[in-house]
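This report concerns only the one structure given below.
Throughout, a chain's letter reflects where its sequence line sits, starting with A, and its residues are numbered from 1.
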There are 2 protein chains.
Amino acid sequence: MDERQALASFAALSQETRLAIVRTLVVAGPDGLAAGLIAERMGVSPSNVSFHLKELERSGLIAMRRESRSIVYSASYDALADLVKFLMEDCCAGHPTIRESVERSDGCCGTDAACGEIDVVA
Amino acid sequence: MDERQALASFAALSQETRLAIVRTLVVAGPDGLAAGLIAERMGVSPSNVSFHLKELERSGLIAMRRESRSIVYSASYDALADLVKFLMEDCCAGHPTIRESVERSDGCCGTDAACGEIDVVA
DNA sequence: TCCATATTTCAATAATCCTTTAATCATTGA
DNA sequence: TCAATGATTAAAGGATTATTGAAATATGGA
């Protein structure tokens with residue numbers, strides 16, 4: 001991931017509604033959610049959610065596809081992983097112990113299977 | 001790291017000059033750099049760099065200390081690691097393979113010692 | 001104390017971003 | 001084709017953020 005894309009990704013994640021959308025889509029899995037459903041869950045107007053979805057899509061963090069009348073958005077797991085890597089490598093560049101610190105942390109998927117509930121495609 | 005702080009961190013990193021400052025400070029190591037030196041390296045005015053440093057400090061990503069006439073800024077490795085974790089856990093929440101993907105990547109500190117050049121304090 | 005250095009703060013302008021409302025576009029089914 | 005549904009786009013506003021230059025603050029040394 002180049003710096004340009006990283007900047008866009010950080011900008012995309014720096015807004016409350018957008019961060020909430022990303023978290024929701026990540027949990028929703030590869031099938032994604034229709035724009036209307038997202039708007040409903042976030043409690044914001046359709047046009048406002050559309051604005052933020054476009055912003056997120058522009059950054060590459062989410063993908064969209066039309067499905068009949070709906071437009072379905074889904075998290076781009078690759079882009080998210082790339083962003084984590086970008087951040088890690090920047091940290092790591094000066095401080096190798098950060099990687100260890102992160103890997104040592106007990107995220108939900110460290111060793112257990114608490115995330116097995118969601119189908120994984122890519 | 002709570003959402004509030006993550007938002008502030010993403011906002012801090014979403015600006016070109018600030019991202020460059022963070023990368024420079026991370027590479028500079030725990031000793032940090034004086035504000036004047038940072039301004040010089042970035043090629044921006046002292047007052048402008050001061051504005052961005054304050055923004056970064058407000059987000060917790062960097063720390064400051066006075067040292068004689070200079071004010072020295074240094075990367076907050078803990079905060080950076082926390083941000084990586086926040087992002088990983090958000091990804092991980094829906095897609096356990098991202099963690100694997102990130103851990104598989106050959107960042108500069110994967111297995112070699114290319115980063116040993118910098119003293120590590122924390 | 002006085003001056004020079006290092007940096008911040010302030011004020012003003014410019015630029016960008018967010019929200020809202022109204023209008024438009026695309027798809028489906030009667 | 002017409003109406004209904006789901007969503008985007010456009011325009012306008014208000015709010016936040018970035019940049020610049022001038023003035024103010026803090027430190028150290030003559």
Side-chain angles (χ1 to χ4, degrees), chain A residues 3-25 28 31-76, chain B residues 3-25 28 31-76:
Chain A
E3 177 168 322
R4 184 179 169 69
Q5 209 178 340
L7 280 167
S9 299
F10 288 136
L13 294 176
S14 71
Q15 207 279 337
E16 196 171 357
T17 301
R18 286 196 297 261
L19 181 57
I21 291 174
V22 169
R23 300 177 94 167
T24 299
L25 289 182
D31 287 350
L33 289 174
L37 272 179
I38 299 171
E40 200 178 316
R41 290 206 195 172
M42 303 296 135
V44 302
S45 72
S47 85
N48 193 14
V49 94
S50 187
F51 170 83
H52 288 304
L53 286 169
K54 196 168 71 173
E55 204 69 6
L56 283 167
E57 209 253 341
R58 218 171 49 84
S59 80
L61 290 176
I62 68 174
M64 62 183 278
R65 66 177 192 277
R66 179 172 279 280
E67 201 152 286
S68 179
R69 266 188 272 212
S70 297
I71 294 187
V72 175
Y73 289 88
S74 53
S76 170
Chain B
E3 178 169 321
R4 183 180 171 69
Q5 208 179 339
L7 280 168
S9 300
F10 289 135
L13 295 176
S14 71
Q15 206 281 336
E16 197 172 358
T17 302
R18 287 196 296 262
L19 181 57
I21 291 173
V22 169
R23 301 177 94 166
T24 300
L25 290 182
D31 287 351
L33 289 174
L37 273 179
I38 299 171
E40 200 178 315
R41 291 205 195 174
M42 301 299 134
V44 302
S45 71
S47 85
N48 192 14
V49 95
S50 186
F51 169 82
H52 288 304
L53 285 169
K54 197 169 72 172
E55 205 69 7
L56 283 167
E57 208 252 340
R58 219 171 48 83
S59 81
L61 290 176
I62 69 174
M64 61 184 278
R65 65 177 193 277
R66 178 172 280 279
E67 201 153 286
S68 179
R69 265 187 273 211
S70 298
I71 296 186
V72 175
Y73 289 88
S74 52
S76 171

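- What separates CD1 of A:I38 from C1' of D:dT8 is a distance of 14 Å, to the nearest Å.
- Rounding to the nearest 0.5 Å places CE of A:M64 at 12.5 Å from CG of A:L56.
- Nucleotide C:dA6 holds its P atom 17 Å from the CE atom of B:M64, rounded to whole Å.
- Residue A:R65 places its CZ atom among more than 12 non-hydrogen atoms of other residues, nucleotides or ligands, all under 6.0 Å distant.
- Taking 4.0 angstrom as the limit, A:Y73 places a side-chain polar atom (N or O) nearer than this to OP1 or OP2 of D:dT8.
- Separating the CG atom of A:L56 from the P atom of D:dA7 is a distance of 16 Å, rounded to the nearest angstrom.
- B:I71 contributes atom CD1, which lies 9.5 Å from atom CG of B:L53 (distance to the nearest 0.5 angstrom).
- Taking 4.0 angstrom as the limit, B:S70 places none of its side-chain polar atoms (N or O) nearer than this to OP1 or OP2 of C:dT5.
- Atoms CG and CZ, from B:L61 and B:R18 in turn, are 10.0 Å apart once rounded to the nearest 0.5 Å.
- Look at CD1 on B:I71: it is 12 Å from P on D:dG28, rounded to the nearest Å.
- Note on A:S50: a base of the nucleic acid sits closer than 4.0 angstrom, heavy atoms only.
- Rounding to whole angstrom units, CD of residue B:E57 and P of C:dT8 are separated by 10 Å.
- For the pair A:K54 NZ and D:dA10 P, the computed distance is 7 Å after rounding to whole Å.
- We find that CD of B:E16 is positioned 17 Å from P of C:dA15, with the value rounded to whole Å.
- B:A39 comes within 4.0 angstrom of no nucleic acid atom, judged by non-hydrogen atoms across all strands.
- For residues 46-56 of chain A, the pairs satisfying salt bridge (charged side-chain N to carboxylate O under 4.0 Å, His left out) are A:E55-A:R58, with sequence neighbours left out.
- Counting to the nearest Å, the C1' atom of D:dA18 and the CD1 atom of B:I21 are 13 Å from each other.
- Distance alone, capped at 3.5 Å, places no donor-acceptor pair between the B:S50 side chain and the B:S47 backbone.
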Please encode protein proximity along nucleotides 17-30 of chain C as a string of B, S and -, counting only heavy-atom distances under 4.0 Å. -SBBBB---SBB--
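- Here CG of B:L33 is found 10.5 Å from CD1 of B:I21. Values are rounded to the nearest 0.5 Å.
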